[in-house]
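Index from 1, following the sequence.
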Amino acid sequence: QLQFVESGGGLVQPGGSLRLSCAPSGFTLDTYAIGWFRQASGKEREFVARISWDGSRISYADSVKGRFTISRDNAKNTAYLQMNSLIPEDTAIYYCAVDLSTTPTTSFRRYEYWGQGTQVTVSS
């Protein structure tokens, strides 16, 4: 019964912005660290951003630092990824998941409860 529903993806021109949302089904987010990952066609899944359960610790991949912002609203039981200054290399399916590791990690293998993902396409 535990799963995520990602939304907010779409087609956007280079330099544009999108805001992705991640809403769980069957549980609440307030005790979990959340990570965003992406997977481009023919490539491995890669880390994008992570936020701790209380929002006090945040980390980003170097490729998105300064352009993307991860946030969460535990009252709304939703996590977000604001993506600005998008470039074609950002094109991928974006996923959110729960970090169940005892220490912060960027490895997708330590995350659980993956959703179906939402497609982001950056093209002119």
Side-chain angles (χ1 to χ4, degrees):
Q1 297 181 11
L2 301 180
Q3 67 177 78
F4 282 108
V5 178
E6 299 96 338
S7 62
L11 175 64
V12 64
Q13 294 181 334
S17 299
L18 287 173
R19 185 178 181 87
L20 307 184
S21 297
C22 176
S25 178
F27 65 101
T28 56
L29 288 178
D30 58 353
T31 63
Y32 299 104
I34 303 297
W36 282 97
F37 292 78
R38 66 187 182 185
Q39 187 164 18
S41 179
K43 298 183 179 180
E44 294 185 351
R45 192 172 303 172
E46 66 173 350
F47 169 78
V48 175
R50 179 188 185 276
I51 186 168
S52 63
W53 70 272
D54 61 354
S56 64
R57 299 182 64 184
I58 296 175
S59 61
Y60 297 96
D62 289 340
S63 59
V64 306
K65 191 174 300 181
R67 299 188 298 118
F68 290 10
T69 302
I70 188 172
S71 63
R72 66 191 300 163
D73 188 337
N74 287 345
K76 296 182 178 179
N77 204 29
T78 304
Y80 305 95
L81 184 69
Q82 177 67 46
M83 305 185 297
N84 299 325
S85 302
L86 286 163
I87 58 177
E89 289 75 15
D90 296 320
T91 297
I93 301 175
Y94 283 72
Y95 303 89
C96 60
V98 169
D99 181 6
L100 298 180
S101 62
T102 57
T103 57
T105 181
T106 61
S107 174
F108 71 88
R109 297 175 178 85
R110 303 305 301 168
Y111 287 72
E112 299 287 350
Y113 312 134
W114 299 92
Q116 294 181 341
T118 184
Q119 177 70 50
V120 173
T121 302
V122 184
S123 176
S124 60

| note | Distance col, row Ile70:CD1 vs Cys96:SG, nearest 0.5 angstrom, shows 9.0 Å
| request: Please tell me if the side chains of Met83 and Val120 come closer than 4.5 Å, counting only heavy atoms from C-beta onward. | output: yes
| remark: Tightest non-hydrogen contact, residues Ser101 and Thr103, listed as OG-O, 2.6 Å
| message | For the CD atom of Gln13 and the CG atom of Leu86, what is their distance to the nearest 0.5 Å? | response | 11.5 Å
| said: The criterion is ring-ring contact (aromatic ring centres under 6.0 Å, His included); which residues satisfy it with Tyr60, sequence neighbours excluded? | reply: none
| field | Qualifying salt bridge (Lys or Arg N to Asp or Glu O under 4.0 Å) pairs, either residue in residues 7-36, two or more places apart | value | none
| said: Membership question, hydrophobic clusters at under 4.5 Å side-chain separation (ILVMFWY): are Tyr94 and Ile58 in the same one? | reply: yes
| task | To the nearest 0.5 angstrom, please state how far the NZ atom of Lys43 sits from the CD atom of Glu89. | result | 7.5 Å
| task | Please round to the nearest 0.5 Å and tell me the distance separating atom CG of Leu18 and atom CG of Leu11. | result | 9.0 Å
Could you pull out all donor-acceptor pairs under 3.5 Å where a side-chain atom in residues 71-80 meets a protein atom, sequence neighbours excluded?
| unit_1 | atom_1 | unit_2 | atom_2 | d |
| --- | --- | --- | --- | --- |
| Arg72 | NE | Asn74 | OD1 | 3.0 |
| Arg72 | NH1 | Tyr32 | O | 2.7 |
| Arg72 | NH1 | Ser52 | O | 2.7 |
| Arg72 | NH2 | Leu29 | O | 2.5 |
| Arg72 | NH2 | Tyr32 | O | 3.0 |
| Arg72 | NH2 | Asn74 | OD1 | 3.4 |
| Asp73 | OD1 | Ala75 | N | 3.1 |
| Asp73 | OD1 | Lys76 | N | 3.3 |
| Asn74 | ND2 | Trp53 | O | 3.4 |
| Asn77 | OD1 | Leu29 | N | 2.8 |
| Asn77 | ND2 | Phe27 | O | 3.3 |
| Thr78 | OG1 | Lys76 | O | 2.9 |

| For the atom pair OG (Ser25) and OH (Tyr113), what is the distance rounded to the nearest 0.5 Å? | 13.0 Å
| said: Tell me the closest heavy-atom pair linking Ala33 and Arg50, and the distance in Å. | reply: CB-NH2, 3.2 Å
| said: Tell me whether Leu100 shares a hydrophobic cluster with Trp36, the cluster being built from Ile, Leu, Val, Met, Phe, Trp, Tyr side chains joined at under 4.5 Å. | reply: yes
| note | Hits for side chain to side chain donor-acceptor pair (under 3.5 Å) against Ser17, two or more places apart or cross-chain, chain-then-number order -> Asn84
| Is it the case that more than 12 heavy atoms not belonging to Gln116 sit under 6.0 Å from its CD atom? | no
| request: Applying side-chain contact (heavy atoms from CB on, under 4.5 Å), run through Val98 and Ile34 and close with a yes or a no. | output: CA-CA 5 Å; Val98 169; Ile34 303 297; 4.0 Å; yes
| task | Using side chain to side chain contact (heavy atoms under 4.5 Å, CB included) as the criterion, point out the one residue from Ser124, Ser85, Ser123 that pairs with Pro14. | result | Ser124
| With sequence neighbours left out, which residue pairs that include part of residues 110-124 fulfil the salt bridge (Lys or Arg N to Asp or Glu O under 4.0 Å) condition? | none
| query | Which residues, ordered by chain and number, are linked to Ile93 in its hydrophobic cluster, where ILVMFWY side chains connect at heavy-atom gaps below 4.5 Å, directly or through other members? | reply | Phe37, Phe47, Tyr95, Phe108, Tyr111, Trp114
| task | List the steps, then state whether side-chain contact (heavy atoms from CB on, under 4.5 Å) holds for Leu81 with Arg38. | result | CA-CA 12 Å; Leu81 184 69; Arg38 66 187 182 185; over 6 Å; no
